[in-house]
Amino acid sequence: MLKNDRYIKAALSQKVDKTPVWMMRQAGRYLPEYRKLRSEAGDFMALCTNPELACEVTLQPLRRYELDAAILFSDILTIPDAMGLELYFKTGEGPAFKKPINSVQDIKALAVPDIYSELKYVTDAVSTIRKALNNETPLIGFSGSPWTLATYMVEGGTTKNFGKVKGMMFSEPAAMHQLLDVLAKSVINYLNAQIESGAQAVMVFDTWGGVLSTRDYNEFSLCYMQQIVDGLIRNKDGQKIPVTLYTKGGAGWLEAMADTGADCIGLDWSIDIDKARARIGNKVALQGNMDPCILYSTPKRIEQEVADILSKFGTGNGHVFNLGHGIHPTIEPENVKAYVDAVHLHSGKYHL
């Protein structure tokens, strides 16, 4: 039995005493203890592929702050790496692949990886973290969305204009659907393996869905997230497993996202949470949605922003407080404490 189950309950739109709070990328570069451990390990992938080190990084923010959830320390691009694209990280430039997708033939050669073989380091990390948490705090597992994974795979890394992946989408739609289908099947297996290994909730990050038109979002992103939602384990050991979908730049498609059957929808900061709630009612929980850059301001300003978002959501269940995207690496850790403490300080009155 979880000692702190606020996050699980809120993601399932159940009653809580206070609004739960965590952060996307909460285990990472803004913490000096993380930077020290990464330097000792050698590089980012050395942390990801070592279950004990991944566990240590996952727990670091929970030692500093009264967070209501832990999230697996890993990367969204582990699936393409397991497919043979050979993930690496360029200093100052982010992730890249040594063997990106360059042709229809490259897509045809892809296969769903054996999760417990090719990605055993992830499932081992999940079970190690779950044991270390000792049922104090729930553990969130995650994956990138098929469209977001495909974007990195075809572009070969980060991109500004999405020319290669959109070019393939428009000129070779059948091949793109083949790629997205094998990725959706892989994500289902991957997230289910995380659940079987101890993850108590899962989240799908659709980082690049917002670069698509409504037509193309529905066809090339949302329908594959729908496939994932339909294929996930939703109950484990008598406990419901909340599923959260997050599309950065997806404010225009909240109703469609809510219709997938997901339990919770993540919001970026481009929409006020009261307007989002008015549009979809109590159909799903909402996660979000403070601009991460607020954390560059003062503790007083941070507290004001937290109070404003809580007030806009208002009374009732189904709010998981989070940033609208991942925390920036140059944020001061003391400001994170102000953020977390403010949520717990001001949210109780909305849950009487």
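The first residue of the sequence shown is numbered 1, and numbering continues consecutively from there.
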Donor-acceptor contact present, side-chain Asp68 to main-chain Tyr7, <3.5 Å: no
Ile140-Val16 co-clustered via ILVMFWY side chain contacts under 4.5 Å: no
Spatial distance of atom NZ (Lys120) from atom CD1 (Ile115) [nearest 0.5 Å]: 13.5 Å
Phe205/Phe142 aromatic ring centres below 6.0 Å: yes
Atom CZ of Arg29 with >12 non-hydrogen neighbours under 6.0 angstrom: no
Given Val343, Ile309, Asn322, Val21, the one that forms side chain to side chain contact (heavy atoms under 4.5 Å, CB included) with Met290: Ile309
Phe44 vs Phe73, ring pair (Phe, Tyr, Trp, His ring centres under 6.0 Å): CA-CA, chis, key distance, verdict: CA-CA 10 Å; Phe44 177 80; Phe73 177 75; 5.5 Å; yes
Extract all donor-acceptor atom pairs below 3.5 Å that involve side chains of residues 246-265 and protein atoms in other chains or at least two apart in sequence.
residue, atom, partner, partner atom, Å
Tyr246, OH, Gly324, O, 2.6
Tyr246, OH, His325, ND1, 3.2
Thr247, OG1, Asp206, OD2, 3.0
Thr247, OG1, Tyr217, OH, 2.9
Trp253, NE1, Thr214, OG1, 2.9
Glu255, OE1, Arg279, NH2, 2.9
Glu255, OE2, Arg279, NE, 2.9
Asp259, OD1, Lys283, NZ, 2.2
Thr260, OG1, Met257, O, 2.7
Thr260, OG1, Ala262, N, 3.2
Asp263, OD2, Arg234, NH2, 3.0
Asp263, OD2, Val243, N, 2.9

Gln226 and Asp230: side chain donor to acceptor below 3.5 Å: yes
Side chain Ser311, main chain Ala307, donor-acceptor under 3.5 Å: no
For the student: nearest non-hydrogen atoms of Gly288 and His319, plus distance: O-NE2, 2.9 Å
ILVMFWY network linking Ile76 to Leu232, side-chain heavy atoms under 4.5 angstrom: yes
Hydrophobic cluster identity match, Leu59 and Met23, side-chain contacts under 4.5 Å: yes
Cluster overlap Ile280 with Ile271, hydrophobic side-chain contacts below 4.5 Å: yes
Residue pair Leu31 / Pro61, side-chain heavy-atom distance below 4.5 Å: yes
Lys160/Glu155 salt bridge by N-O under 4.0 Å criterion: no
Over 12 non-hydrogen atoms of neighbours within 6.0 angstrom of CG in Asn282: no
Over 12 non-hydrogen atoms of neighbours within 6.0 angstrom of NZ in Lys99: no
Side-chain donor/acceptor of Asn4 to backbone N/O of Glu136, under 3.5 Å: no
List the atom pairs, donor and acceptor, that lie under 3.5 Å between side-chain atoms in residues 165-180 and the rest of the protein, sequence neighbours left out.
residue, atom, partner, partner atom, Å
Lys166, NZ, Val211, O, 2.6
Ser171, OG, Gly167, O, 2.6
His177, ND1, Tyr224, OH, 2.6
His177, NE2, Glu219, OE2, 2.9

Expected output: side-chain Asp75 to main-chain Thr78 donor-acceptor under 3.5 Å: no
Any Tyr34 side-chain heavy atom under 4.5 Å of Leu47 side chain: yes
Atom CD of Glu33: over 12 foreign heavy atoms under 6.0 Å: yes
Under 3.5 Å: donor-acceptor pair, side chain of Trp208, backbone of Trp147: no
Rounded distance (nearest 0.5 Å) linking atom CH2 of Trp22 with atom CE of Met203: 5.0 Å
hydrophobic_cluster_shared for Tyr296 and Tyr65, side chain cutoff 4.5 Å: yes
